[in-house]
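Comments concern the structure below.
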Protein chains: 2
Amino acid sequence: MPDTPWTPPPVLLAVDLVILTLRSAQLHVLLVERGIEPYRGRHALPGGFLSHADEDLTAAARRELREEANLDAARLHLEQLGAYGALGRDPRGRVVSVAYLAVAPGLPEPEAGTDAAGAAWVPVHDVEARHLELAFDHRQILADGIERARTKLEKSSLAAAFCGETFTIAELQQVYEAVWGTRLDPRNFYRKVRGIPGFIVPAGSQRRTTGGRPAQLFRRGPQTVLFPPLNRPPSQTPTPLRTDP
Amino acid sequence: MPDTPWTPPPVLLAVDLVILTLRSAQLHVLLVERGIEPYRGRHALPGGFLSHADEDLTAAARRELREEANLDAARLHLEQLGAYGALGRDPRGRVVSVAYLAVAPGLPEPEAGTDAAGAAWVPVHDVEARHLELAFDHRQILADGIERARTKLEKSSLAAAFCGETFTIAELQQVYEAVWGTRLDPRNFYRKVRGIPGFIVPAGSQRRTTGGRPAQLFRRGPQTVLFPPLNRPPSQTPTPLRTDP
DNA sequence: CTAATAGTGTCTTTAAGACAGTATAGA
DNA sequence: TCTATACTGTCTTAAAGACACTATTAG
């Protein structure tokens, strides 16, 4: 080794967001249409570079959420998915992106922000069935985000993050059915969910209008770890062994 | 916004490794003693900066493994834990580190590499019980790595990565007991493990010398996803809801 | 023989799934 | 009344755990 002090190479750091929500019982993801090169006109996950070297990663995620999708991140659940740093993933150079998963209750159509030509909720099925190609490696990031949500529904209270302040058990069931892509027995689901201590608590004796008997309303309970867990039915494809991420 | 084209701020990128192994039925982690500031003399996870801007993240992880611990990464299972980028985590400036989990079969004492004053296997209990303080946020990274290993034992064939090419069922049970910190019934464990299709396959009709009846040897099967899963007993603390990582 | 570990059979308990039946609203 | 949804009870089946028992080696 020579005497010249070696300095590590700088790298560009970005954040990307997988923002999931439920719209008419279907799982949707928030996508923006890119207004600039590369991939101009292509759909992509909201995201962008760190604004300055001292910006926190989660702060950057919340800022992009606001700038590109006009969403207030205060109410959203945010969770890191991992770092995506494959060599050819961005034609502009060496860019490493830290991806976050966000889960939002049903929300109105987003407005386009400043950096993006447009923002819209897209059914995840349209991306999975390749009806829609995404920019960069965002298809992979989205797949990882969905898979994370699927497994987290089992043992955490993440499902309640898809719902509003109060919700019925039937609405909660719709979350599980949409994210897992399965059908569940409402009667067994009801008993199971009510038997998990601290998951949901009755919210007054209010009700809600539907076709039949009004349902009780609930809100999130204090417990974030579900026990016993809500196991998803087999024949799905859980966590294989991959090195990245 | 002015006309001056804005360029994103560069950031220093590092990799850190949580390398777990089993030594005399105890879970150990590979630590190095830092030879330079900051945290000189303190124990830390192996890791370091990207060597050049075009180095792959996993390549950097394998390189550090070789340089700092003289370990050949070819046989090791490697899996990304996430990105650690909190603002004050490195006094040298803005450093974002991508952490990896590696799992190795029982290995001889490592030799010190070039960058580190020394490398040694340390029982994870010594770190958890705060008998040993680590540099940077490595205590948190280690905790996340252990938790990842714990949950991955349930539904993936990760446990076999702790074992050599061939192993007995009793050895495999020791992995689960050490990582989970529980005791398991050998007879139920035997039946359970053999009932998971593709997890382990008999390796010839060989044997091994112990105090009693020789055991059959097995090797890894083709299946990486375990079904039915090996659920760890309750009273542990699984996946809570955290935003980072 | 005894000691020690490998592997099997079987019972009990517990959770999951199927599904009939009751309750409470609107029209 | 009928319809639709909310909620309850019960049976069947499958998995988890406890543990007695047999098998095969070393000494």
Side-chain angles (χ1 to χ4, degrees), chain A residues 24-25 153-155 163 166-177 180-197 199-219 225-236 238, chain B residues 24-25 153-155 163 166-177 180-197 199-219 225-236 238:
Chain A
S24 49
L153 286 199
E154 297 192 89
K155 288 176 177 164
C163 303
T166 61
F167 49 88
T168 68
I169 292 195
E171 287 168 351
L172 192 64
Q173 181 180 342
Q174 284 190 348
V175 174
Y176 280 90
E177 293 185 331
W180 283 349
T182 57
R183 302 287 303 189
L184 301 171
D185 185 302
R187 302 159 296 192
N188 292 336
F189 183 83
Y190 184 96
R191 248 187 316 106
K192 190 75 202 286
V193 151
R194 297 231 50 183
I196 300 173
F199 182 18
I200 56 173
V201 295
S205 50
Q206 295 161 289
R207 61 191 65 187
R208 185 166 293 187
T209 155
T210 55
R213 167 177 174 180
Q216 284 295 106
L217 285 177
F218 297 84
R219 53 171 44 94
V225 177
L226 267 38
F227 192 85
L230 269 150
N231 294 316
R232 71 171 135 166
S235 84
Q236 312 292 340
Chain B
S24 50
L153 285 198
E154 297 193 89
K155 289 175 178 166
C163 301
T166 61
F167 48 89
T168 68
I169 292 196
E171 287 168 352
L172 192 63
Q173 180 180 343
Q174 284 190 348
V175 174
Y176 279 89
E177 291 185 333
W180 284 348
T182 58
R183 301 289 302 189
L184 301 171
D185 186 303
R187 301 159 298 193
N188 292 337
F189 183 83
Y190 184 96
R191 251 188 312 106
K192 189 75 203 288
V193 150
R194 297 230 51 185
I196 300 173
F199 183 18
I200 56 173
V201 295
S205 50
Q206 296 162 287
R207 61 189 65 185
R208 185 166 295 188
T209 153
T210 56
R213 167 177 174 179
Q216 284 296 105
L217 285 178
F218 297 83
R219 52 170 44 94
V225 176
L226 267 39
F227 192 85
L230 270 150
N231 294 316
R232 71 173 134 166
S235 85
Q236 314 291 340

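Naming convention: chains lettered A, B, ... in sequence-line order (proteins, then strands); numbering from 1 in each chain. The analysis underlying the following values was restricted to heavy atoms, covering all of them including side chains, and did not include hydrogens, waters or symmetry mates. Quantities reported herein were computed from a predicted structural model and do not represent experimental measurements.
- The distance from atom CZ of A:Phe189 to atom P of D:dT5 is 17 Å, rounded to the nearest whole Å.
- When the side-chain contact (heavy atoms from CB on, under 4.5 Å) test is applied to A:Tyr176, the partners found at least two apart in sequence or on another chain are A:Leu153, A:Ala159, A:Leu172, A:Trp180, A:Leu184, A:Phe189, A:Phe199, A:Leu226, A:Leu230.
- Of the side-chain N and O atoms in B:Tyr190, none sit less than 4.0 angstrom from OP1 or OP2 of C:dA6.
- Taking only distance into account, the side chain of A:Arg213 meets the base of C:dA23 through a donor-acceptor pair shorter than 3.5 Å.
- Closest heavy-atom contact between B:Pro197 and B:Gly195: CD-O, 3.3 Å.
- One interatomic measurement links the two molecules: CD of A:Glu171 to P of D:dA6, which rounds to 9 Å at whole-angstrom precision.
- Taking every heavy atom of both residues into account, B:Gln173 and B:Pro186 meet most closely at OE1-CA, 3.3 Å.
- Rounded to an integer number of Å, the gap from B:Arg187 CZ to C:dT5 C1' is 12 Å.
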side-chain contact (heavy atoms from CB on, under 4.5 Å) between A:Lys155 and A:Val225, intermediate numbers included: CA-CA 6 Å; A:Lys155 288 176 177 164; A:Val225 177; 5.6 Å; no
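- Judged as a side-chain contact (heavy atoms from CB on, under 4.5 Å), and not counting sequence neighbours, the contacts of A:Pro202 are A:Arg194, A:Phe218.
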Nucleotide N/O to protein N/O under 3.5 Å, stretch nucleotides 11-17 of chain D:
unit_1	atom_1	unit_2	atom_2	d
D:dA16	OP1	B:Lys192	NZ	3.2
D:dA16	OP2	B:Lys192	NZ	3.3

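- The distance between atom CG of B:Leu217 and atom P of C:dA6, rounded to the nearest whole Å, is 11 Å.
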